[in-house]
Amino acid sequence: MTLSWVEDAKRRAVLKAVEPIKSGWIIGLGSGSTVAYAVAELGRRVKRGNTELSVVPTSHQVELLAISHGLRVVSLNEAFTVDYVVDGADQVEQSSLNAIKGGGGALLREKIVASAAHRLVLVIDETKLSRHLGGKQGVPIEVLPFAYRFVQSRITKLGGRARLREGAGKVGPVVTDNGNFVLDADFGRIAKPQQLERQLKAVPGLVETGLFLGMVDQAYVGLRTGEVRVLEPA
């Protein structure tokens, strides 16, 4: 496996995923390298003059990228609702399309925008598909800085191990766009994701989890062969 085929697979899947987008729609943009391909393609459409779009970004990074490509940025408070969200994922359960997200630290805003959307599509390469959630993939969790050690202790009681995510290129923890910390929690194979989500959300100080359950309408999967496979929940 080389990086080149993975990036090409994601790019092909993004191009397929943005095909249904119509002029006048409000598009939610997740965060990460996969969404960068979507931003570039939507920017090309707008510059050609045959498409008018507004976008709701889920991070400062994606907002700046969207502006650089000439896209009209609106806040969720202005838009109220979103027609179509394009986002990536760290892991997708093939049968249900339940997903783990938050590798880029934008899971809270991504989940809010996804919840406000008529349709959520994920764009991934085939290495992100799994028979189940968890295993080698941890669950990102956004927490209040005031309570992160307390939340860690509660995660331990739930059978997980959580570490504070450290920043790259800076000293100290990763700080989200919301001013919070991120814990990466290892629960092993997650047999009952809905139950785990309920248990985690009941912990005071825990803001949001990277478990996206029952939210995904379609997954566009870039294959090593160059094909794009479109999946829907079973």
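Here the structure is a predicted model, which means the values were calculated and not measured.
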I'd like to know if the side chain of R154 and the backbone of R149 have a donor-acceptor N/O pair within less than 3.5 Å. no
I need the L65 CG to S68 OG distance, nearest 0.5 Å. 4.5 Å
Is Y84 reachable from V35 through a run of I, L, V, M, F, W or Y residues, each pair having side-chain heavy atoms under 4.5 Å apart? yes
Can I124 and L129 be said to form a side-chain contact (heavy atoms from CB on, under 4.5 Å), step by step? CA-CA 8 Å; I124 58 172; L129 280 180; 3.9 Å; yes
Do the charged groups of K101 and D87 touch, with an N to O distance under 4.0 Å? yes
Heavy-atom check, side chain of I21 versus side chain of I27, under 4.5 Å: yes
pair L71-L42: side-chain heavy atoms closer than 4.5 Å: yes
Give the minimum heavy-atom separation between G28 and V113, together with the two atoms involved. CA-CG1, 4.0 Å
Nearest 0.5 Å, what's the NZ-CG distance between K136 and D90? 15.5 Å
Nearest-0.5 Å distance, CD of residue Q61 to OG of residue S31: 6.0 Å
Would you give me the side-chain donor-acceptor pairs under 3.5 Å for residues 187-197, sequence neighbours excluded?
residue : atom : partner : partner atom : Å
E197    : OE1  : T209    : OG1          : 2.4
E197    : OE2  : K111    : NZ           : 3.1

Begin with the C-alpha distance, continue with both residues' side-chain angles, and end with the deciding distance and a verdict on side-chain contact (heavy atoms from CB on, under 4.5 Å) for F212 and N98. CA-CA 6 Å; F212 283 58; N98 287 335; over 6 Å; no
Residue pair E142 / T176, side-chain donor-acceptor N/O under 3.5 Å: yes
Smallest separation among heavy atoms of A116 and L76, with atom names: CB-CD1, 4.0 Å
Is it the case that the side chain of S59 and the backbone of V62 share a donor-acceptor pair, with hydrogens and angles ignored and the cut-off at 3.5 Å? yes
Is the shortest side-chain heavy-atom distance between S130 and E93 below 4.5 Å? no
Measuring only between side-chain heavy atoms, which start at C-beta, is V143 closer than 4.5 Å to V207? no
Do S153 and F150 have side chains that approach each other closer than 4.5 Å (heavy atoms only, starting at C-beta)? yes
For D186 and A162, indicate whether the former's side chain and the latter's backbone hold a donor-acceptor pair under 3.5 Å. no
For residues L164 and F181, determine if any side-chain heavy atom of one lies less than 4.5 Å from a side-chain heavy atom of the other. yes
Determine, for Y220 and K16, whether the Lys NZ or Arg CZ falls below 6.0 Å from the six-membered ring centre while staying within 45 degrees of the axis. no
Any heavy-atom pair between the side chains of L158 and L200 that's under 4.5 Å? yes
Ion pair present between E208 and K201, side-chain N to carboxylate O less than 4.0 angstrom? yes
Check this for me, if you would: do D125 and K10 make a salt bridge, where the nitrogen-to-carboxylate-oxygen distance has to be below 4.0 angstrom? no
Is there a donor-acceptor pair under 3.5 Å between the side chain of D83 and the backbone N or O of W25? no
Do I112 and L107 share a hydrophobic cluster (ILVMFWY, side-chain heavy atoms under 4.5 Å, transitive)? no
In Å and rounded to the nearest 0.5 Å, what is the CG to CD1 distance from L206 to I155? 6.0 Å
What do the steps show when you test V92 against L97 for side-chain contact (heavy atoms from CB on, under 4.5 Å), and what is the final call? CA-CA 6 Å; V92 177; L97 299 192; 3.9 Å; yes
Testing the basics here: between P233 and D217, what is the closest heavy-atom pair and its distance to 0.1 Å? CD-O, 3.3 Å
Tell me which pairs pass side chain to side chain donor-acceptor pair (under 3.5 Å) where either residue lies in residues 45-54, with sequence neighbours left out. S54-R72
If you take all heavy atoms of P140 and G138, which pair is closest and at what distance? CD-O, 3.5 Å
Between N77 and S75, do the side chains contain an N or O donor and an N or O acceptor separated by less than 3.5 Å? no
Give, for atom CZ of R109 and atom CD of E63, the distance between the pair rounded to the nearest 0.5 Å. 8.5 Å
Which heavy-atom pair separates H69 from V39 by the least distance, and what is that distance? CD2-CG1, 3.7 Å
Taking L144 as the starting point, is it possible to reach V175 by hopping between hydrophobic residues whose side chains are less than 4.5 Å apart? no
I141 vs V182 side-chain heavy atoms within contact, under 4.5 Å: no
With R163, which residues qualify under salt bridge (charged side-chain N to carboxylate O under 4.0 Å, His left out), at least two apart? D184
Using the rule that Ile, Leu, Val, Met, Phe, Trp and Tyr join whenever any side-chain heavy atoms are under 4.5 Å apart, tell me whether I26 and L29 fall into a single cluster. no
If Ile, Leu, Val, Met, Phe, Trp and Tyr residues are connected whenever their side-chain heavy atoms lie under 4.5 Å apart, and connections chain through other members, are Y37 and V230 in the same group? yes
Please assess L133 against Q91 for the test side-chain contact (heavy atoms from CB on, under 4.5 Å), listing each intermediate value before the final yes or no. CA-CA 7 Å; L133 294 182; Q91 185 183 54; 3.8 Å; yes
Minimum heavy-atom distance L223-W5, with the two atoms named: C-CZ3, 4.0 Å
Point-to-point distance, once rounded to the nearest 0.5 Å, from CD of Q94 to CD of E126: 10.5 Å
